[in-house]
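First the structure, in the form of structure tokens, and then the observations on it.
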Amino acid sequence: MTIVSVVYQSSRGHTRALADAVARGAASVAGTEVRLVEIRGEQVLNGRWNHEETMAQLAQSDAIVFGCPTYMGSVSAIYKAFLEKAFDPWLQQQWKDKIAAGFTNSASQSGDKLSSLIQLSIFAAQMGMIWVGVGDPPGNNWSGGTANDVNRLGTWLGAMGQSNGDQGPELAPSQGDRITAERLGARVAGITQRWMGAGAYKTERLKAR
Ligand SMILES: Cc1cc2nc3c(=O)[nH]c(=O)nc-3n(C[C@H](O)[C@H](O)[C@H](O)COP(=O)(O)O)c2cc1C
């Protein structure tokens with residue numbers, strides 16, 4: 001079994017919906033154990049995040065998928081406090097060569113969400129991890145497109161979700177965003193199996209048009 005952890009923070013539930021989708025996708029790959037881990041505000045004390053059980057779980061993981069809402073154009077403060085705790089495993093290069101990926105969610109179509117994915121990917125690079133992006137072509141970029149298209153926000157560094165501020169997580173993010181996150185989870189799990197020598201990974205190709 002390879003272990004994929006999805007470690008996320010969510011205040012209103014939209015990012016949780018994406019985390020659930022990533023976990024669902026990873027679990028669809030046979031031989032993968034998925035761990036869904038929530039970073040919580042009450043775990044931050046005097047500006048420092050800590051939760052030993054979470055850190056122990058992450059140390060055991062072959063892949064870690066990071067996700068949080070975009071707040072003021074960057075990762076949420078609670079999540080940043082968690083990222084800073086990773087200075088401890090960094091000292092022993094504990095997460096080096098684990099597979100990594102990321103996702104974020106915000107209210108605006110852009111909302112400067114890319115900034116959060118850049119932040120997460122730089123973090124993963126600092127940790128010596130191997131970053132996996134979204135492997136899907138863009139959707140919703142033509143007259144017949146809809147928010148239910150796969151990769152409807154046209155992003156590759158990580159998965160994005162857009163959630164209207166007046167809708168709860170039962171409605172937002174869109175089905176397209178959820179499917180994109182699910183497919184990222186499956187991609188991470190498959191690549192992790194190949195990386196760990198535990199299984200084959202078949203690259204999807206598109207037919208010539
Ligand atoms: C403090 C704060 C800052 C925010 N900053 C942004 C932002 O920069 N861009 C954006 O599009 N939405 C922004 N939002 C909206 C949230 O990203 C959005 O409500 C998101 O769905 C919250 O995710 P959650 O439901 O997982 O908590 C902000 C919300 C809050 C509370």
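Quick note: numbers below take in every heavy atom, side chains included, and nothing from hydrogens, waters or symmetry partners. Every number for a ligand or one of its atoms is a count from 1 in the order of the listing.
Remark: Asp62 CG to Ser5 OG distance equals 9.0 Å, nearest 0.5 Å.
With salt bridges taken as basic N to acidic carboxylate O contacts below 4.0 Å, one links Glu204 and Arg183. In this structure, Glu33 pairs ionically with Arg35, as a charged nitrogen and a carboxylate oxygen lie closer than 4.0 Å.
Ligand 1 lies under 4.0 Å from heavy atoms of Ser10, Ser11, Arg12, Gly13, His14, Thr15, Pro69, Thr70, Tyr71, Met72, Gly73, Asn105, Ser106, Ala107, Ser108, Gly111, Ser163.
A donor-acceptor pair shorter than 3.5 Å cannot be found between the side chains of Thr180 and Asn151. Side-chain N/O atoms of Gln162 and Arg152 include a donor and acceptor closer than 3.5 Å.
Partner of Lys113 under the side chain to side chain contact (heavy atoms under 4.5 Å, CB included) criterion, chosen from Thr155, Leu157, Ile118, Leu153: Leu153.
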